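So that the names make sense, note that chain A is the first sequence line, chain B the second, and so on, each numbered from 1. These numbers come from a predicted model, not from an experiment.
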Amino acid sequence: MNPVGTAVFGAGNGPTDYLWVLVLYGCMFLLIRHGYRRLELNFRKSFWTLYFAITPCVFIANYLLYLAGVMSFLPWLNNAFHCFLWIGLCLTYLYAGIRNRGFFEQFALCAILSFIVKLGEHWILGTWELNHFFFIPGWLAYVVGWSLMDGLLPLLNKITLRILGNVVEGVGTVESMGGARWVR
Amino acid sequence: MSHTVPSDITPQEQTLRLVLRILSVLFGVAAIAYLLPSLIPGLRQGWMQLPFVTNSVVKVSVLGMVSFVAAGDVRRFRPLTVVVILGHLVSELAMILVLLFGDLNPPDWPPSFLPFSMTMTLALAMTLDGLILIMLTFLFVRADRARYGLKYLNPIEFRALKAAAEAIILGETEVITPEEVARNVDRYLASFKARRKFITKFALSASEFYPLLFFRLPLSYIPRNERFGFLKDHFYQVVALRLFPKGLRMWIQGMIRILSQLSYLGYYADQRSFPSVGYVRFSQRSDTPERLKQFPTPTPRPLQVKTVSDIREEEIQADTVIIGSGAGGSILAHGLVEAGCDVLLLERGDYVDPSAFQEDEVTMLSTLYADGALQLSRDFRFQVLQGSCVGGGTVVNNAVCFDLPDRVLERWNDPQGTNAGLEATAIRAAAAQVRTLLRIERQKLNLNSSGPFFLAGLERLGYHQSPNQSGPVEANIHDCVGCGYCNIGCRYGRKLSMLDEVLPLTQALPGPGRLQILSDCEAMHLEGTGQRIRSVLCRSESGQRLRVRANHFIVAAGAINSSLLLLRSSIGGDRVGQGVSFNAGSPISAVFAQKIDAYAGLQISHYLERDPSRGYILETWFNPPVAQALAMPGWFEDHFRNMERYDRMASIGVLVGTKSTGQVKLGGLLGSEIVYAPDREELGRILEGVVLGGTIFLEGGAEEVLPHTFTYRTYRSRQELDSFPDEIQDAEEVALGTGHPQGGNAISANRAKGVVNPDFGVYGYKNLHLCDASVFPSSIGVNPQLSIMTLAQYAVPRIRAAMNGGGH
């Protein structure tokens, strides 16, 4: 594979590997959707607002953090998948379902699912490979550390919606209709 | 119904005959061609050594002879055309297998004189056989359709139904042939559009081929004298004796139920059957002129209704849109127009002027009911009837009115429970307003003639006294003439339904507010941004789309359809469609020694509600022949004999308020489904009610009583009847139905427990309200229409306040 191909796919990776990543995302989405069956009409605009406001920023931030030396290089396709599919669609959908739960519950759910996906991407694509998280040494610290950072995504979403809700009609932190069913 | 049967063969059959003749000639020529090499020495090389030539000669010769005979009389020898078609099908399959798995170039294969490879030769033969197969099948189906004049069913389904009807309608005095029965059903099914109709087609096709599982011919080919035995052994007994696993049994029960119901419908809807069951239509009863003279039919009030096809634009604007014109929607419309609002009322069903109501049950079932009354729960065992026309369920219900019971309201308002947050005093005031508006009164004229027997039984058992409540029902019926057509629309203007009374009154209200009605307009999706609903996307039966924009939206489409609309629109979260309950009904019929003509009077006229409540109420109940036949216990000759005693029969319906364990869901075979099965406790109450109903009739003079169970049972004494609950293993045994679905979008002051707040606003939306039976947190256990109207009346000032900027 030439250098451009390596930069896009990652060393030794091909379309089949990315297909497996999609399968992983699909399974995770099914898990997420199990607890929240459909995106509430009153949150749809907010959902897409978050998607377009946050995911491109994360995409760019991942590269900048790599340049800063605090993240490993994510091949461009891996970065795009991770940002636009995993964070943008799956984690934002998860947020839509859990947005009126407690902060720690939101934090834990996002962090745990994110950890699973990072492990999966590491296993399939060989990415997320760095031996420290800021000043904490070790690969595990690196993966766990960034997963915990992902756990803050609900907070970021909430702040974004608060700000954008002032300027975009129909966007806001509407209370979720999810939660425990009252009759089983 | 009378129909003409084409006596000569149709042009389509003539074409089939011609093609069969041509094929017989071609097959003959092909047989000779195969044999020619043996006769002409120059051709011997190649052909003669092909090992399958003799097989081919046999094949084409047989097909040729069969085609020749079939062409001789395409009707009489119809099965032979099927043989020719199946022969080609088998040939195609065989060639496919050879192409896929056979050795097409064996080393010892002699060279063919044909310029093709073996693969190409097979491909050409497949193409030829395929063309013949497709052409013959098409012509055969077309000829059958033309022969029977089919409008909806295909010939396989038609023949299955005809064959089943021949065995199911089993009596010595049959007056309608099975073919006429099947033809009546075909016309009925063609007369309305419904997504669920394909289930009927599926069940008929499955029934036709079901005997193949037992190495028998398809149902319509089983000899007539053996077919009854087959139906009894492999449909009825399989379910009654539980010979198959539950899942499979459910499908078989569904099949036999659909087969029998369609057969009854086709037979008893035909007026030639009326004398045999002792039924006389209202227009032909001797006392009808007198009744109509005594209480002349009131002048109908004009009602202006448009349909979607009247609208040229793809998008229209309104101020307030109400979805659903039934008990809830119409009362809301009345209240809001009275308060000065402009209201557009959307109704999925058609507008049928009461003067167009007919005595023909089948016509009215297809016109006034959702899915032509074919709506069943997912397991095919529970029938859910819903009106679908301007006026909704109030046009086809029995107009029976019970106040919302105090104990139910207390339960709803329990802060530890649903915490509905309804103000009891205001609820009572709203009920009083509705009572005045609809002139609700205790019925006294032309009651059901089973009433005296019911009352006599009550008296003998001591249930006629306080604190039990019994006697004639209260209803929004005025000066009833006793036609007995409450469930197919009262054309005499006596039932003060939304169609007859409230909607015309509302359109006539003076003042700034006005009401417009759009029928044939099914709300598919609510659309919006953030917490505001902007529009509702609607569709007519013909598929025309219309987007209605408005400032305020109120959903009142009934317990099933409101939930489905919210689910389709992704509104209300996971609680929508959950906690659905019913008033499950199971009837018991009684046979009396004398003619009582229970059909000739108010359909539901008397009731008993025990105090303290036992969790059920009893109501006398009777129907015109089709509806009664559909509910009549017994199979085959038992059913026929019971229908012969129709004019000596009476029925009691047992209504049991179920727990909130049902669900309305999107998905499944039909795109949506109702999931419900009664538990042991509910079944216990149903059985207790059935026993009490039977006991009342036995004490009132009945010769025998017949609970409506899958296995036919009759009881002639109280002692025998007491053992009935012990004979019932589970709910699978008992016939259940309801016209009263409730719940699914519970009202609650607690957002975590409800979909709708105490002001009827849907949580999470500023301009969306919901008010119908779907907001009931639990079943109310009595006929719910007055409670629905009461809640709607109660909701009017609250919704009005929200519209004016108050709100939730």
Side-chain angles (χ1 to χ4, degrees), chain A residues 29-53 89-90 92-103 105-106 109 157-184, chain B residues 417-420 525-537 553 565-581 658-663 665-667 743-748 750-757 761-768 777-779 808:
Chain A
F29 184 72
L30 282 180
L31 188 71
I32 293 167
R33 193 176 171 272
H34 185 69
Y36 184 64
R37 297 298 297 276
R38 49 183 71 81
L39 190 60
E40 181 77 16
L41 181 67
N42 60 13
F43 196 71
R44 278 190 194 161
K45 192 165 182 182
S46 302
F47 177 89
W48 290 112
T49 304
L50 285 175
Y51 183 85
F52 289 109
L89 292 181
C90 299
T92 313
Y93 190 91
L94 174 67
Y95 171 69
I98 59 173
R99 64 190 190 274
N100 62 341
R101 300 203 183 170
F103 169 76
E105 196 178 344
Q106 294 184 37
L109 277 168
N157 285 340
K158 192 170 183 176
I159 294 166
T160 309
L161 288 179
R162 280 270 162 84
I163 295 167
L164 292 178
N166 293 322
V167 287
V168 185
E169 196 197 347
V171 170
T173 53
V174 183
E175 200 177 330
S176 161
M177 292 296 293
R181 289 177 184 168
W182 68 284
V183 167
R184 282 281 177 192
Chain B
T418 314
N419 192 13
H525 287 279
L526 290 160
E527 303 167 319
T529 312
Q531 298 183 70
R532 290 200 77 79
I533 302 297
R534 305 283 180 196
S535 56
V536 55
L537 183 64
F553 293 85
L565 177 61
L566 294 193
L567 286 169
R568 282 197 300 268
S569 309
S570 295
I571 289 174
D574 290 346
R575 282 185 295 277
V576 171
Q578 303 292 315
V580 174
S581 57
T658 72
K659 294 171 189 162
S660 303
T661 52
Q663 283 180 61
K665 293 164 69 173
L666 291 178
N745 307 304
I747 187 169
S748 173
N750 184 344
R751 189 179 183 136
K753 290 182 177 177
V755 174
V756 173
N757 69 27
V762 176
Y763 280 117
Y765 297 86
K766 287 179 175 166
N767 63 339
L768 177 63
S778 66
S779 169
H808 42 281

| Shortest non-hydrogen contact from Leu526(B) to Leu41(A)? | O-CD2, 3.7 Å

| message | Taking side chain as everything from C-beta outward and backbone as N, CA, C, O, which of these in Leu567(B) sits under 4.5 Å from a heavy atom of chain A? Side chain, backbone, both or neither. | response | both

| remark: Heavy-atom closest pair (Lys45(A) atom, Thr529(B) atom, distance to 0.1 Å) is CD-CG2, 3.0 Å

| field | Sidechain-backbone polar pair: Gln531(B) side chain, Gly170(A) backbone, donor-acceptor under 3.5 Å | value | no

| Closest heavy-atom contact between Leu666(B) and Arg38(A)? | CD1-NH2, 4.2 Å

| said: Please give me the minimum heavy-atom distance between Asn42(A) and Tyr765(B), naming the atom from each residue. | reply: N-OH, 2.9 Å

| Can you say whether Leu566(B) sits under 4.5 Å from chain A via the side chain, the backbone, both, or neither, judging by heavy atoms? | neither

| field | Trace of the side chain to side chain contact (heavy atoms under 4.5 Å, CB included) decision for Arg751(B) with Asn100(A) | value | CA-CA 12 Å; Arg751(B) 189 179 183 136; Asn100(A) 62 341; over 6 Å; no

| task | Please name all residues satisfying side chain to side chain donor-acceptor pair (under 3.5 Å) with Ser570(B), sequence neighbours left out, ordered by chain then number. | result | Arg44(A)

| NZ of Lys659(B): more than 12 outside heavy atoms within 6.0 angstrom? | yes

